[in-house]
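To keep things clear, I will list the structure first and then write my remarks on it.
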Protein chains: 2
Amino acid sequence: MTVRPTLEKVAARAGVSRATVSRVVNGSASVGEEIRVAVLRAVDELGYVPNFAARSLVTQRADSIALVFSEPPVRVFSEDPTFAGIIRGVSQEVEAADKQLVLMMAGSARGHERVERYTTAGHVDGVIIASMHGADPLPMSLARRGIPVVCSGRPITGNGLPYVDMDNVSGAVQAVGHLLERGRRRIATIAGPPDMIAGIDRLNGYRQVLRDSGRRSIIALGDFTRDSGALAMRQLLEDDPALDAVFVASDMMAFGALQTLRLAGRRVPDDVAVVGFDDILSAEYTEPPLTTVRQPTLRMGRELARLLLTRNPESPVVLPTELVIREST
Amino acid sequence: MTVRPTLEKVAARAGVSRATVSRVVNGSASVGEEIRVAVLRAVDELGYVPNFAARSLVTQRADSIALVFSEPPVRVFSEDPTFAGIIRGVSQEVEAADKQLVLMMAGSARGHERVERYTTAGHVDGVIIASMHGADPLPMSLARRGIPVVCSGRPITGNGLPYVDMDNVSGAVQAVGHLLERGRRRIATIAGPPDMIAGIDRLNGYRQVLRDSGRRSIIALGDFTRDSGALAMRQLLEDDPALDAVFVASDMMAFGALQTLRLAGRRVPDDVAVVGFDDILSAEYTEPPLTTVRQPTLRMGRELARLLLTRNPESPVVLPTELVIREST
DNA sequence: ATGCTGCCTGAGAGCGCTCTCACGGGGAGG
DNA sequence: CCTCCCCGTGAGAGCGCTCTCAGGCAGCAT
């Protein structure tokens, strides 16, 4: 069993030619029924599995696609649960298409180079880039080399590549609108980094609602981490001690904000209402449970894969976001 | 740029033979210095990248390894944060070795078959199986086909395959010992599933300490999910309303237990002390912050990869666990 | 000067597969 | 009864690379 049988062996055993075995194995039509059965039996008896490299060499296909994280891995796997959904979604679609998923981290310059070399070597048929930093040069760089690329999140630079994005603006609008409906008057925000599309769009949504309702913006900046949220909340309380609501651009930051509010003796939602963004698992278990904006991460992964696999250029796909009301508002 | 240059082209441009270019590209010694430089220049000018399939076909190596999750994906990516650390650790080592990581889900029977076919096709040089269910047949099945396999977690069946495991027993012993030191007398446990090594070992550790201190065990079973923890805690309170501590075999279950205790009006830690297991991110942010047992998941990933890559048979690697004391005890 | 050792380079044989093309034979049409 | 066509099968040429082997040319000893 150590030495794997080749097409040749199977052909010999079935008493046919290599070509015929190949046809059977690849499910080609026009093979006589009894020959087909004989070949199948030989395949079975020998435990034949086509050699991937040989096939790939001639077909020029690799039947696998790469999912590249252009971020430090620590962020991908612990801080940002969005990625988990994406991986699952991509994985689902890719497996349904009987292809394989190669996971790559390209957090560094060396990483970028590795990804380029690897993909150019014909290892994969296409690449999904899950990058949050909109100005990432990697997608274009791969595209120029002729490799099919799909991006998660609208590229800030608007490079014309196909992408799938969440409707971040709408999510923010829903969240802030909800705060308004609850009768809140001084609504602040903790925004995400201005070099990430999610940060930008969520802030824009917030601004839009406040502007439309004739209120002024109260803004602090974070970087999507919990600590930055705690810090930003402290600053916000200093800037405007009378604020009665805050729209936080990520749940992790909202957790930090919740903590700061608790330390400051503000009750949530009585004194200050809090809305997060992402609807990560633990948002349901905070004290109080967090009102937040849910985004279809699983579906995002699936759409990304679908876009890549079908080469269907009905690109930008923008997925809806949905407000989940809990007890923090 | 669409059509990639071959070795032949590079050879022609550099005015040497294919063999020489191959030698240079693969960093073989014994190539004249000026020829080497000339070849390198040609490679650079043409943007040559070796075709992976062709190389793999002759070398019989794929320079990539598979990380197989023999679990439903939902569990891998949301419920069990252990996996995230493993992925990161494996990824680090694998990339350091300039190889690639292929991620596979084998949650179903079809999945198993897919993994077998894929790995047998020579797609990968080895497989890491991250399965929690100890009696999983997949590892042996692959090993029989001659594919190098490493398991995460000691296989229940003791099949002789190399593995890396956490020291679950010691973790449980530390946790329960800590409860004892705190003066707790009626210590219950919420155990994990009896078909997972982590469930078994953690329960054994608990039993061991209680037996040594002449106390009786109070046991409820969960399946590592939050809801099962909540349910088990309810049962425990019924069984022994006077219990003053509970060792929960996973943080997720501990979250559920915490909720049940809150609803039942028991204060933590005043009335009931709670220790979890895993030290997942949000354990720090519960109310109160959870005392728990930390396990080196990142390192586990790295050891898994190392074991596979070096073919170093100093197998069972057992990694230490560490009690993290917070405010729930 | 001749032979030998050793180092570098080139030629060429595959690795296992797919796919085109040619061929043989049977059925339909003339 | 002969011809044409088409379907099913086999032969063979590569895909791009690695690696063995042999050959050539120094440099050294005889």
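Per chain, numbering begins at 1; letters A, B, ... match sequence-line order.
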Euclidean distance, atom CG of residue B:Asn26 to atom P of D:dC17 [Å, nearest integer]: 10 Å
B:Thr120 side chain to B:Glu116 backbone, donor-acceptor under 3.5 Å: yes
Ion pair B:Asp63/B:Lys99, N-O distance below 4.0 Å: yes
N/O (side chain, A:Ser22) to phosphate O (OP1/OP2, C:dC17) under 4.0 Å: no
Interatomic distance, B:Glu34 CD vs C:dC8 C1' [rounded to whole Å]: 12 Å
Sugar-phosphate only, base, or nothing, as touched by B:Tyr48 at under 4.0 Å among non-hydrogen atoms: sugar-phosphate
Atom of B:Glu303, atom of B:Leu319 and distance for their closest heavy-atom approach: CG-CD2, 4.1 Å
Among C:dT9, D:dC15, C:dC19, the nucleotide that comes nearest once only the side chain of B:Val31 is considered: C:dT9
Separation of D:dC7 P from A:Glu33 CD (nearest whole Å): 17 Å
Length of the CZ-P vector between A:Phe52 and D:dC15, whole Å: 19 Å
A:Leu57, nearest nucleotide to its side chain (from D:dC15, C:dG12, C:dT18): D:dC15
Residue A:Ile35, side-chain atoms from C-beta onward, closest of C:dG16, D:dT9, D:dG16: D:dT9
Over all atoms of both residues, closest heavy-atom pair of A:Val25 and A:Pro50: CG1-CG, 3.9 Å
Sole candidate of B:Val37, B:Val31, B:Val43 that passes side-chain contact (heavy atoms from CB on, under 4.5 Å) when paired with B:Val24: B:Val31
B:Asn51 side chain near D:dC15 phosphate (N/O to OP1/OP2, under 4.0 Å): no
B:Val16 side chain, from C-beta outward: closest of C:dG10, C:dC15, D:dT9: C:dG10
Side-chain N,O (B:Thr20) to OP1/OP2 (C:dT9) below 4.0 Å: no
Nearest-angstrom distance from the residue atom CG of A:Asp63 to P of C:dT18: 11 Å
Euclidean distance, atom CZ of residue A:Arg18 to atom C1' of D:dT9 [Å, nearest integer]: 13 Å
Interatomic distance, B:Leu7 CG vs D:dC15 P [rounded to whole Å]: 13 Å
Rounded distance (Å) that lies between atom C1' of C:dG12 and atom CD of B:Glu8: 12 Å
Donor-acceptor pair under 3.5 Å, A:Arg23 side chain vs D:dG10 base: yes
Contact under 4.0 Å: B:Ser17 side-chain N or O vs C:dA11 OP1/OP2: no
Along DNA chain C (nearest heavy atom to each residue), the more 5'-positioned of B:Val58 and B:Ala19: B:Ala19
Nearest-nucleotide 5' precedence on DNA chain C, B:Ala54 against A:Arg61: B:Ala54
